[in-house]
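See structure below.
Labels below follow one simple rule: chain letters A, B, ... track the order of the sequence lines, proteins then strands, and each chain is numbered from 1. Only this structure's heavy atoms are used, side chains among them; waters, hydrogens and symmetry mates stay out.
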2 protein chains.
Amino acid sequence: MSLRNAVMAALLDGESSGYDLAKAFDASVANFWICTPQQLYRELDRMEADGLIAARTVEQERRPTKRLFSLTAQGHEELTRFTASPHKPTAIRDELLVAVLAADSGDVEAVKASIRERRQWAEAKIARYERLRAKLLGDRTEDEFLATAERVGPYLTLLRGLSFERDNVRWCARCLTVLERRGARLDTAG
Amino acid sequence: MSLRNAVMAALLDGESSGYDLAKAFDASVANFWICTPQQLYRELDRMEADGLIAARTVEQERRPTKRLFSLTAQGHEELTRFTASPHKPTAIRDELLVAVLAADSGDVEAVKASIRERRQWAEAKIARYERLRAKLLGDRTEDEFLATAERVGPYLTLLRGLSFERDNVRWCARCLTVLERRGARLDTAG
DNA sequence: CCCCTGTACTCAACTTGTTGACTAGGCGGA
DNA sequence: TCCGCCTAGTCAACAAGTTGAGTACAGGGG
């Protein structure tokens, strides 16, 4: 039921089409939630049926007709109720972690390659988040922004995504050091 | 398909019952993967059917009969293949983040309470991870452990879980500062 | 002229993950 | 003696997430 709430939170920025939401998810909410377009369209249909969002069909020249969704009063209410409800903690749930857990009796070189790849990916994400951050701040300092901006939620969640990826980079580096050192030891010992 | 691999990685420590695995998951693999007992039992049945694990029924005095599972050669092979395959990056997927994203137009006080609760929970997890770490290290220093231990995977994933929760604590503190400062500002302004 | 990319979706099938209830015996404390 | 917790599971139903293919039109490049 949480994709639903994430969508509603995303619609706080104004009405949006399913297609745009898919891209927006990729660009901003993706800091902490990901989903496929299919999931989004299905959920949007259900949310409309449940009266949480309203659709407005917009005919376009030279482009397919699209449907713009916006939060209804009921949707707003529901979102507020959600923010007031308790939230279960989550785990990382990352395949790479499973691979590292099993690395000792698996293909260590391949795992190291995966870690390197992940580190690069995380660095790219960090760069993207930093650009997004600069865009959000505009010419304000962080303090000015936090004091004056209408919404700080997007900024705070961006910070979480940013530190998550920074942490990933550090951990990847640490793993590589450890695994390489062990590799060297095993080579000279065996 | 990744729970399957997590289970196989957990079975590297030796044979285990479904019940024990559920607890072990809670205690160690939970650093980065969580699941319910039901999921585990279902997956174990499937894995047995697929020949990845073998079950041994053990009758006990004064306790229900249990089934101990262990990795088969095929399971080992499959796990190695998994470690050598590419792994998709994941997002955090945390309800609390969704709540913070929507906090500006939701129930800010309730969100703050949720953040405080989460911070406490994360601190408890950190304490638990630290105990686990001390147990893994025994009387060795970290360097000694990393050089001599048979498996470093569990230690490395433990580090990831640890730094994830430390990051959570820091972020929670940051959010609370920001939200409280804004609350004060809005009170004096409005 | 054709292919590729981008917009804006839809449908179907499947795998994963969640929730709640149920069985059944032993153990310990009030 | 009864209550509730611990061990060790099972069953059913549902919600959420994934994968892959298909539709349709428009613009741009070679």
Side-chain angles (χ1 to χ4, degrees), chain A residues 1-8 15-27 29-30 32-50 53 55-69 82 86-95 98, chain B residues 1-7 15-27 29-30 32-50 53 55-69 82 85-95 98:
Chain A
M1 282 315 224
S2 226
L3 173 57
R4 180 168 280 232
N5 299 299
V7 168
M8 288 194 281
E15 63 178 8
S16 174
S17 69
Y19 188 82
D20 287 336
L21 271 175
K23 280 191 303 175
F25 252 63
D26 201 41
V29 187
F32 59 91
W33 210 276
I34 45 170
C35 71
T36 56
Q38 288 71 14
Q39 233 181 305
L40 217 38
Y41 286 122
R42 188 179 44 174
E43 196 61 35
L44 285 169
D45 284 347
R46 286 185 198 157
M47 289 169 75
E48 197 191 357
D50 292 349
I53 55 177
R56 185 166 71 88
T57 302
V58 176
E59 313 253 340
Q60 300 176 106
E61 283 176 46
R62 302 157 207 284
R63 260 155 220 289
T65 297
K66 63 180 174 183
R67 295 209 303 151
L68 291 180
F69 297 95
F82 168 76
H87 308 289
K88 280 165 291 176
T90 48
I92 299 179
R93 256 177 210 260
D94 189 336
E95 284 195 1
V98 179
Chain B
M1 278 323 220
S2 227
L3 173 57
R4 183 166 278 233
N5 298 298
V7 168
E15 63 177 8
S16 175
S17 69
Y19 188 80
D20 287 337
L21 272 175
K23 279 190 304 176
F25 253 64
D26 200 41
V29 186
F32 59 92
W33 210 277
I34 45 169
C35 70
T36 57
Q38 286 72 15
Q39 230 181 309
L40 217 39
Y41 286 123
R42 187 177 47 175
E43 195 62 36
L44 284 168
D45 284 347
R46 285 184 198 157
M47 289 169 74
E48 197 191 356
D50 292 349
I53 57 177
R56 186 167 70 89
T57 302
V58 176
E59 312 252 341
Q60 299 175 107
E61 285 176 45
R62 301 160 207 282
R63 259 156 221 288
T65 298
K66 64 180 174 182
R67 296 208 304 151
L68 290 179
F69 297 95
F82 168 75
S85 67
H87 309 289
K88 280 165 292 177
T90 48
I92 299 179
R93 253 174 213 262
D94 189 336
E95 285 195 1
V98 179

Item checked: Presence of B/Arg42 side-chain N/O under 4.0 Å of C/dT15 phosphate oxygens OP1/OP2 -> no
Note to self: Using side-chain heavy atoms (C-beta onward) and a distance below 4.5 Å, is B/Gln39 in contact with B/Leu3?
What the structure shows: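 The answer is yes, as the side chains (C-beta and beyond) meet within the 4.5 Å cut-off.
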What's touching nucleotides 3-5 of chain D from the protein side, N or O pairs under 3.5 Å?
none

Notebook entry, point to check: Only one of A/Leu21, A/Val7, A/Leu44 clears side-chain contact (heavy atoms from CB on, under 4.5 Å) with A/Ser16; which?
Noted result: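 With A/Ser16 as partner, A/Leu21, A/Val7, A/Leu44 yield a single side-chain contact (heavy atoms from CB on, under 4.5 Å), made by A/Leu21.
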Rounded to the nearest angstrom, tell me the gap between atom [atom1] in [X] and atom [atom2] in [N].
| X | N | atom1 | atom2 | value |
| --- | --- | --- | --- | --- |
| A/Met47 | D/dA15 | CE | P | 16 Å |
| A/Arg93 | D/dG17 | CZ | C1' | 11 Å |
| A/Arg4 | D/dC14 | CZ | P | 17 Å |
| B/Leu3 | D/dG17 | CG | P | 16 Å |
| B/Glu95 | D/dA15 | CD | P | 16 Å |
| A/Gln39 | C/dA13 | CD | P | 19 Å |
| A/Glu48 | C/dT10 | CD | C1' | 15 Å |
| A/Ile34 | D/dG17 | CD1 | C1' | 10 Å |

Next item on the list: Tell me, please, which residues at least two apart from A/Arg46 pass salt bridge (charged side-chain N to carboxylate O under 4.0 Å, His left out).
Entry: A/Glu43
Next item on the list: Mind checking side-chain contact (heavy atoms from CB on, under 4.5 Å) for B/Glu59 and listing every partner two or more places apart, or none if nothing turns up?
Entry: B/Thr65
Checklist line | Under the side-chain contact (heavy atoms from CB on, under 4.5 Å) test, residues paired with B/Thr90 that sit two or more places apart | finding: A/Asp94
Note to self: Could you measure the distance from the CG atom of B/Leu68 to the CD1 atom of B/Ile53? Nearest 0.5 Å is fine.
What the structure shows: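 Those atoms lie 11.0 Å apart.
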Check: Measuring from A/Phe82:CZ to A/Met8:CE, what's the distance to the nearest 0.5 Å?
Finding: 8.0 Å
Check: Who passes side chain to side chain donor-acceptor pair (under 3.5 Å) against B/Glu48, sequence neighbours left out?
Finding: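 For B/Glu48 the side chain to side chain donor-acceptor pair (under 3.5 Å) partners, ignoring immediate neighbours, are B/Arg67.
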Check: Can you give one letter per nucleotide of nucleotides 2-9 of chain C, 5' to 3': B if a protein heavy atom sits under 4.0 Å from the base, S if only from the sugar-phosphate, - if neither?
Finding: -----BBB
Margin query: Treating B/Arg93 as the side-chain partner and A/Ile34 as the backbone partner, does any N or O pair qualify as donor plus acceptor under 3.5 Å?
Written below: yes
